[in-house]
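To start, the structure under review is shown below, and the notes come after it.
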Amino acid sequence: MNKNTLSKEAETRLIDFFNHVIDPEDMAKVLRQVNCILALGVTQQHETLQLGLTNFEDNYFWLNELAEILNPYLSEE
């Protein structure tokens, strides 16, 4: 796994985004909803299509990871 660090500008822009534009919990909820819709759409349209599914699975995983960072819903009891 690659460990990249954000530039100070990117970090500042993200902080500003979550402080002024959208609540992190709301963003996590939106990410989970979009991720679910995309997953359902891809699996229903392309049940036998194997091209690109690995990339899709990776993207699905990382969107869920981002949602968990913003709002650790799945790790709560």
Side-chain angles (χ1 to χ4, degrees):
M1 183 171 137
N2 236 352
K3 237 187 174 183
N4 297 327
T5 57
L6 294 173
S7 68
K8 286 293 178 187
E9 179 186 353
E11 188 176 323
T12 301
R13 291 176 70 188
L14 281 170
I15 290 169
D16 287 344
F17 180 80
F18 286 114
N19 284 336
H20 303 290
V21 177
I22 191 167
D23 179 59
E25 288 182 10
D26 290 339
M27 176 61 107
K29 181 179 178 180
V30 168
L31 285 172
R32 288 184 181 102
Q33 289 173 341
V34 168
N35 220 14
C36 182
I37 291 167
L38 289 173
L40 288 172
V42 168
T43 55
Q44 287 175 355
Q45 287 184 343
H46 305 289
E47 289 178 7
T48 59
L49 179 64
Q50 294 301 311
L51 300 174
L53 285 183
T54 301
N55 189 34
F56 173 77
E57 290 170 355
D58 290 344
N59 294 339
Y60 182 83
F61 172 80
W62 288 115
L63 273 178
N64 276 339
E65 285 294 305
L66 178 57
E68 280 300 296
I69 290 167
L70 297 173
N71 178 21
Y73 174 80
L74 295 176
S75 61
E76 291 180 358
E77 292 184 25

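In this text the structure is predicted, and so the values were computed from the model without any measurement.
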Checklist entry - Where the side chain of Asn19 meets the backbone of Ile15, is there a donor-acceptor pair that is under 3.5 Å apart? => result yes

Next on the checklist: Distance check, rounded to the nearest 0.5 Å: Glu65 atom CD versus Glu68 atom CD?
Outcome noted: 7.0 Å

Checklist entry - Measuring from Asp23:CG to Lys29:NZ, what's the distance to the nearest 0.5 Å? => result 11.0 Å

Next on the checklist: Asp16: which residues meet the side-chain contact (heavy atoms from CB on, under 4.5 Å) condition with it, sequence neighbours left out?
Outcome noted: Thr12, His20

Item to check | Counterpart residues, side-chain contact (heavy atoms from CB on, under 4.5 Å), relative to Val34 (two or more places apart) | outcome: Val30, Leu38

Checklist entry - Does one hydrophobic cluster hold both Ile37 and Tyr60, with members joined at side-chain heavy-atom distances below 4.5 Å? => result no

Checklist outcome for this item: Shortest non-hydrogen pair, Ala28 vs Ala67, comes out as CB-O, 3.4 Å

